[in-house]
There are 2 protein chains.
Amino acid sequence: MTEFGLSPIQATARDDAVLKALAGFVMREALGPGQRLPTERILAERLKVSRNTVREALTRWEGLGLVERRQGSGTYLKGVVSLDMLHMPLTLAGGNDFTSLMQTLEIRRALEAEAAALCAVRAGQANLVEIGRKLDIMEQAFHTRAGMSAEEDWEFHQSIYRASGNPLFEQIIAAMHELFHRFWEHPLGVRDFGHASFPYHRTIYERIAAHDPEGARAEALKLIATVEDDLKRGAAKLKLSGQK
Amino acid sequence: MTEFGLSPIQATARDDAVLKALAGFVMREALGPGQRLPTERILAERLKVSRNTVREALTRWEGLGLVERRQGSGTYLKGVVSLDMLHMPLTLAGGNDFTSLMQTLEIRRALEAEAAALCAVRAGQANLVEIGRKLDIMEQAFHTRAGMSAEEDWEFHQSIYRASGNPLFEQIIAAMHELFHRFWEHPLGVRDFGHASFPYHRTIYERIAAHDPEGARAEALKLIATVEDDLKRGAAKLKLSGQK
DNA sequence: ATGGCTCAATGGTCCAACCAATTTCTGCAT
DNA sequence: ATGCAGAAATTGGTTGGACCATTGAGCCAT
């Protein structure tokens with residue numbers, strides 16, 4: 001078996017061409033997240049392709065999280081689209097068991113700490129205001145609803161990832177978060193989960209606002225540690241009650 | 001092959017249901033990479049859905065790199081499929097520029113340091129032997145080929161990720177590595193890239209062997225720092241020579 | 001064996017409907 | 001005029017059927 005430096009040519013590339021044309025359109029019109037793009041029927045007509053082909057192309061973008069489709073309403077941009085984008089779909093084998101959860105938490109620990117530190121260095125005034133706003137909302141929800149503030153909690157963290165200046169943090173941790181939730185919907189765990197982690201949200205914010213990267217990193221690590229403890233406690237309880 | 005263990009689909013959320021059914025089928029039949037799955041027409045018939053729906057579902061999997069379609073031949077598995085998989089579409093705006101590279105490096109810095117620290121805690125004797133072997137091979141290749149040891153270098157790092165006890169490290173960093181390489185094959189960078197990072201490979205190994213997590217983390221951070229410096233130097237050189 | 005031929009199988013594209021969710025418009029009651 | 005329920009238009013989701021382009025297997029003459 002000898003090796004020739006040849007790679008297969010791309011025979012048909014209809015939907016790829018559609019995506020390239022669409023990306024060009026999005027850039028020319030300067031469309032951003034949240035904005036609606038033309039209907040499938042219009043795209044099919046303008047691009048002189050079948051609506052099926054348009055749909056396959058949009059399905060690709062939807063899978064990449066670039067676009068969101070709402071039946072009866074339209075197709076909306078979810079992220080920034082440009083012609084030279086690099087896509088890397090990563091699929092991990094993640095089970096719904098305790099071990100998988102702890103593994104995702106180890107990843108999150110590494111990334112959360114780094115993101116907090118970077119954020120402390122790079123966050124501008126606008127970022128700080130936004131993070132502070134999310135923190136206030138979360139704290140208020142925590143007090144009025146007695147600890148049920150998972151959604152607001154998540155938005156607070158997301159605002160930090162965004163302010164880190166590196167979109168990869170948000171993308172990776174978002175996937176971890178989804179896996180986490182998939183487990184958690186099956187509410188076999190501890191009752192008031194994020195309770196112990198609550199105070200650290202404000203300390204993280206304070207270290208970031210003070211532009212203290214190592215302090216922010218330390219507080220983020222403390223936060224994750226409490227979550228790991230909660231998880232271990234929940235797992236121990238499960239083991240005692242002898243679940244399947 | 002006439003009988004496929006597939007049963008019809010229920011109401012809404014068609015293509016998601018199709019994928020779930022297909023994933024179940026793949027697992028029951030214990031299909032692995034390279035094997036062919038049923039034709040679109042057969043799937044459509046067995047699942048009682050239209051062929052277009054089957055195609056949209058398969059387009060999703062194709063976008064995730066789980067499957068490869070060959071016109072006139074069939075659809076083939078490219079990766080391992082299981083029911084609970086974690087999909088993580090990573091998107092970098094402006095693929096081939098310096099910024100994207102630095103962003104992947106920031107992720108790698110966070111994960112590499114954590115993996116080294118975990119490895120120092122968890123690595124058993126067999127892991128240490130394997131890592132040491134990879135280190136020797138790398139060092140030898142480095143000396144005989146005057147610095148060209150990218151492949152051996154990568155294998156050394158991989159052995160650390162594996163010994164960390166968390167498969168997610170290897171999977172995520174491998175994706176970053178691939179992204180990194182896609183740029184660097186276009187050899188616009190510095191000539192002897194990993195040169196400065198060379199000595200830290202052994203120091204990392206020593207700290208791991210000594211079961212010193214914080215020491216291993218520190219050495220890993222030094223290593224990444226040298227790579228970042230190399231990258232910055234390369235970018236500065238490019239800027240001087242005024243490339244497009 | 002080799003090369004060329006046919007031919008069936010398979011993914012790729014197209015079309016013309018209809019369904020289901022959503023939005024927009026309309027017209028009536030107040 | 002205003003408010004609101006119901007009709008109509010809009011839009012993504014699905015269907016079935018048709019045809020094209022590529023692949024691969026079988027066959028045959030050389």
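Numbers restart at 1 for each chain; the letters A, B, ... are given by sequence-line order, proteins then strands. Just so you know, these numbers come straight off a predicted model, no measurement behind them.
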For DNA chain D, which residues in [range] have a heavy atom at a distance below 4.0 Å?
range                     : answer
residues 43-51 of chain A : A:R51
residues 25-37 of chain A : A:R36
residues 58-77 of chain A : A:R69, A:R70, A:Q71, A:G72, A:S73, A:G74, A:T75

In Å and rounded to the nearest 0.5 Å, what is the CG to CZ distance from B:L22 to B:R46?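 These two atoms lie 13.0 Å from each other.
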Set of ring pair (Phe, Tyr, Trp, His ring centres under 6.0 Å) partners for B:F156, sequence neighbours left out: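 Ring pair (Phe, Tyr, Trp, His ring centres under 6.0 Å) check on B:F156 returns B:H201.
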All ring pair (Phe, Tyr, Trp, His ring centres under 6.0 Å) counterparts of B:Y161, not counting sequence neighbours: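 Checked B:Y161 against ring pair (Phe, Tyr, Trp, His ring centres under 6.0 Å); zero matches.
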Would you call B:E155-B:K134 a salt bridge at under 4.0 Å N-O?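 Salt bridge: yes.
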Can you tell whether the side chains of A:R14 and A:E56 come within less than 4.0 Å, N to carboxylate O?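 Here A:R14 does not pair with A:E56 in a salt bridge, since their nearest N and O are not under 4.0 Å apart.
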Could I get the full list of side-chain hydrogen bond (donor to acceptor under 3.5 Å, both in side chains) partners for [X], not counting sequence neighbours?
X      : answer
B:D15  : B:R60
A:E106 : B:R122, B:N166
A:S73  : A:Y76

Give every residue pair that meets the salt bridge (charged side-chain N to carboxylate O under 4.0 Å, His left out) criterion with at least one member in residues 31-44 of chain A, sequence neighbours excluded.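 Output for this query lists A:E40-A:R51, A:E40-A:R55, A:E40-A:R69.
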Out of C:dG11, D:dG12, C:dC14, whichever nucleotide has its closest atom nearest the side chain of B:R41: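 Nearest listed nucleotide: C:dG11.
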Round to a whole Å and report the spacing from CD of B:E40 to P of D:dG16.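 After rounding, the gap between these two atoms is 15 Å.
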Would you say the base of C:dG12 and the side-chain of A:D15 have a donor-acceptor pair closer than 3.5 Å?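 In this structure, the two groups form no donor-acceptor pair.
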Do A:V81 and A:W61 touch side chain to side chain, with heavy atoms closer than 4.5 Å?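 Yes - at least one pair of side-chain heavy atoms lies under 4.5 Å apart.
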Side chain to side chain donor-acceptor pair (under 3.5 Å) contacts in which one or both residues fall within residues 18-30 of chain A, not counting sequence neighbours: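 Listed by first then second residue: nothing to list.
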Please enumerate all residues that pass salt bridge (Lys or Arg N to Asp or Glu O under 4.0 Å) together with A:R202, with sequence neighbours excluded.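 Result, salt bridge (Lys or Arg N to Asp or Glu O under 4.0 Å) vs A:R202: A:D136, A:E139.
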Please enumerate all protein N or O atoms sitting under 3.5 Å from an N or O of nucleotides 3-6 of chain C, with distances to 0.1 Å.
none

So, A:S159 versus A:E130: side-chain donor-acceptor pair below 3.5 Å or not?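 There is no such pair (donor and acceptor under 3.5 Å, judged by atom type) between the side chains of A:S159 and A:E130.
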